[in-house]
Protein chains: 2
Amino acid sequence: MADLARLSGVSKITVSRALGDSPLVNAQTRDRIQSIAREHGYKLNVNARNLRLRRSHTVAVIVEMKPTAQRGMFDPYPLALLGGISQELTAAGYSVLLTTRQGATVAAVQAADGLILLGQGANQEAVRRFDRLGLPMAVWGATSVAGSHVTIGSDNRGGGARVAEHFFALGRRQPIFIGNPSHPEIFDRLNGFVDTLAARGIKPLLLKRDEFTPESGAEAVQALHARGVAFDAIFACNDLLAMGAIRAAVELGKSVPRDVSVVGYDDMPAGATFLPALSTVRQDWQLGGTLLARKVLGLIGHEDAESESLPVELVIRGT
Amino acid sequence: MADLARLSGVSKITVSRALGDSPLVNAQTRDRIQSIAREHGYKLNVNARNLRLRRSHTVAVIVEMKPTAQRGMFDPYPLALLGGISQELTAAGYSVLLTTRQGATVAAVQAADGLILLGQGANQEAVRRFDRLGLPMAVWGATSVAGSHVTIGSDNRGGGARVAEHFFALGRRQPIFIGNPSHPEIFDRLNGFVDTLAARGIKPLLLKRDEFTPESGAEAVQALHARGVAFDAIFACNDLLAMGAIRAAVELGKSVPRDVSVVGYDDMPAGATFLPALSTVRQDWQLGGTLLARKVLGLIGHEDAESESLPVELVIRGT
DNA sequence: CCAGCGATTGTTATCGATATCAAGCCGTCC
DNA sequence: GGACGGCTTGATATCGATAACAATCGCTGG
């Protein structure tokens, strides 16, 4: 900027103002300086500006990554959220700093103007730790930990309830839930499911599975069969689990959906093409990401922002 | 830091050195300062440091996002790459700045020490534009545009060739290719496929599809049927297309794999559970991401880094 | 006894931007 | 004619860190 000042025969501050389209500089001067800057390929130093302005125009997104280097993070859902987040933040002129929790980039996170937490699911302790940083923060998941942050999540309780009603309407009386309720979101789904069924005098069986993979789903069903448990409906807390479960059920000679009804969660693209087409609960991730971003931006702007729950939709297909 | 200096009765620079574990300060002084810092919740200002050191310890990752706000970016593959990338960069003490190409955050990108481009597929012009920034850069995809950057991609040609051999060995003589070869990576798959078949006197039919969705795959097969084209093998350049194609083929009364062999690409988790289980070509994304990160770090460290092609694996399942 | 060296600490300048306050110039109005 | 105000520009300080060089102290060796 000092160079530009010399080149155009004005002072640094005038250059700064000209490049910032400040009304304080003469229009001609401004245009001249801007064209000189363009010509010489001038690049603003973001760090210097951020230092002076005491802000970074950056929001850190912290994603929980499975430590298993095997599968990496293949869950499509954080990505869909990321899509919405980064679209919204970018549009507002903010940058997205992507971090994994284990990362040693604590310093970088602290430099952010705000924080978004994704997939911290089972680890509420982590949420609390980040909350202590005192930054504007939005968390994806179930409302739970108290704190000054905002929580955005889809209506997991409602999703579970909807599935319960669906099963009941089909006349199913021996439903199974597959998933890991130590994730608060899953816990809510389970709760909505159980409570709704309980109101109708039905007590579903819970099958806890840590992994959210087709294999895990298949094993769950095989375990049920080995234990001689009778069942006529399965609510899997994720589509992959559901597909695995269906496969295992079919291999055990059961017909889906004649003998067993199955509903998944997430509405993955592959689900609709599955044979039979997978019934599932759809949540709008893109919107979720957008909302997370908006709330953080709101908090950064010292506005009030409230936690919100997004509606879900039961998509009934062939299972 | 000035405050800490006052509190501990030393100068700013000594504080700086103490916090940086410099051997220039007395061990006792260092420990004392560090504990005072911890006690008072001192936080380093990254911008100031970066400004002074003229580096950002940040790598920008630019992801191509589909403009269709509908589906957002649901493709799981950039996420898997991102996993490897961020793991590797974080371990090296670097931060990941996530950007979409359309973003107005040009300034922020320029502040990065290096660049990684993902999914720029069809848009080689974009690659060239970023290349001009003169930053250390690694691109995921097919080697193509000349420039000072490094390209990492999986062996798409080899993948296509492998599928061709597989079809030939099965006695298939009327193969179809479904996909959009304007993406260089797809182009390579098509080329490996076509060349290998040509060497055996077979000429496959190309069905260009822009969308990589099950619906698109289904439409492709319906179109073939409507045109009365006979075919006994399908190579879809993505698993979702493949699943859609299989579904459509089955609905048209063809048996998979008896009448038609189908091979997809990517080895999505849902593919293995598909009925029948999807044969596909697997590429190691996690490794790809790791490699992308390593190459950029190498370039940043002024080492030589060469483009590399990752091996792929044909996974033969039930289709 | 003093030059000289190692260990430790401090002074000052610097990275590249922007805010604050001051100042110059010109025209208008009383 | 001079005060005043608008428009435009500039000098200086500042954000929070680190580098380069200087200074102090105690100790050793000739």
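Chain identifiers are assigned alphabetically (A, B, ...) following the order of the sequence lines, protein sequences preceding nucleic acid strands; residue numbering begins at 1 within each chain. Values in this document were obtained by computation on a predicted structure and should not be read as measured data.
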> Hey, which of A:E88, A:E306, A:E308 is the one that makes salt bridge (Lys or Arg N to Asp or Glu O under 4.0 Å) with A:R294?
Replying inline: A:E88
> When you look at CG of A:D304, are more than 12 heavy atoms from neighbouring residues, nucleotides or ligands closer to it than 6.0 Å?
Replying inline: no
>> Over all strands shown, is A:R54 touching base, sugar-phosphate only, or nothing at heavy-atom distances under 4.0 angstrom?
In response: sugar-phosphate
> What is the distance from CG of B:L4 to C1' of D:dG16, rounded to the nearest Å?
Replying inline: 12 Å
> In whole Å, what is the span from the CZ atom of A:R55 to the P atom of C:dA17?
Replying inline: 14 Å
> Just how far, in rounded Å, is C1' of C:dA17 from CZ of A:R52?
Replying inline: 8 Å
>> From the set C:dA17, D:dG16, D:dT18, return the single nucleotide nearest to any side-chain atom of A:M1.
In response: C:dA17
> Among D:dT9, C:dT8, C:dA17, which is the nearest nucleotide to the side chain of A:N26?
Replying inline: D:dT9
> Quick one: B:K43 NZ to D:dA17 C1', roughly how many Å, whole number?
Replying inline: 17 Å
> Under 4.0 Å between a side-chain N/O of A:Y42 and OP1 or OP2 of C:dA17, yes or no?
Replying inline: yes
>> Under 4.0 Å, heavy atoms only, any strand: does B:V10 hit a base, just the sugar-phosphate, or nothing?
In response: sugar-phosphate
>> Reading DNA chain D from 5' onward, which residue's closest nucleotide shows up sooner: B:I13 or B:A48?
In response: B:A48
>> Quick check: on DNA chain C, is the nucleotide nearest B:S11 upstream (toward 5') of the one nearest B:L53, or the reverse? Name the residue that is more 5'.
In response: B:S11
>> Would the distance check show the side chain of B:Q34 and the main-chain N or O of B:A18 forming a donor-acceptor pair, the cut-off being under 3.5 Å?
In response: yes
> Has A:N45 got a side-chain N or O lying under 4.0 Å from the OP1 or OP2 atom of C:dA17?
Replying inline: no
> For the pair made of CG in A:L24 and C1' in C:dT20, what is the distance, rounded to whole Å?
Replying inline: 12 Å
> What is the distance from CG of B:N47 to P of D:dT18, rounded to the nearest Å?
Replying inline: 13 Å
> What's the closest nucleotide to the A:K12 side chain, out of C:dT18, D:dT9, D:dT18?
Replying inline: C:dT18
>> Nearest whole Å is fine: how far is D:dA19 P from B:N50 CG?
In response: 13 Å
> Separation of B:R6 atom CZ from C:dG10 atom C1', in whole Å?
Replying inline: 17 Å
> Can we say B:R6 and B:D3 salt-bridge, meaning some charged N sits less than 4.0 Å from an Asp/Glu carboxylate O?
Replying inline: yes
> At under 4.0 Å, does any side-chain N or O of B:T14 touch on OP1 or OP2 of C:dT9?
Replying inline: no
> Between B:M1 and B:S16, what is the shortest heavy-atom contact and its length?
Replying inline: CE-CA, 3.6 Å
> Hey, does the side-chain of B:R49 have a donor or acceptor N/O within less than 3.5 Å of a partner on the base of D:dT18?
Replying inline: no
>> Distance criterion of 3.5 Å, no angle test: do you see the side chain of B:R17 paired donor-to-acceptor with the base of C:dG10?
In response: yes
> Going by the angle between their ring planes, with limits at 30° and 60°, are B:H183 and B:F212 parallel, tilted or perpendicular?
Replying inline: tilted
> Would one find a side-chain N or O of A:T29 under 4.0 angstrom from OP1 or OP2 of D:dT9?
Replying inline: yes
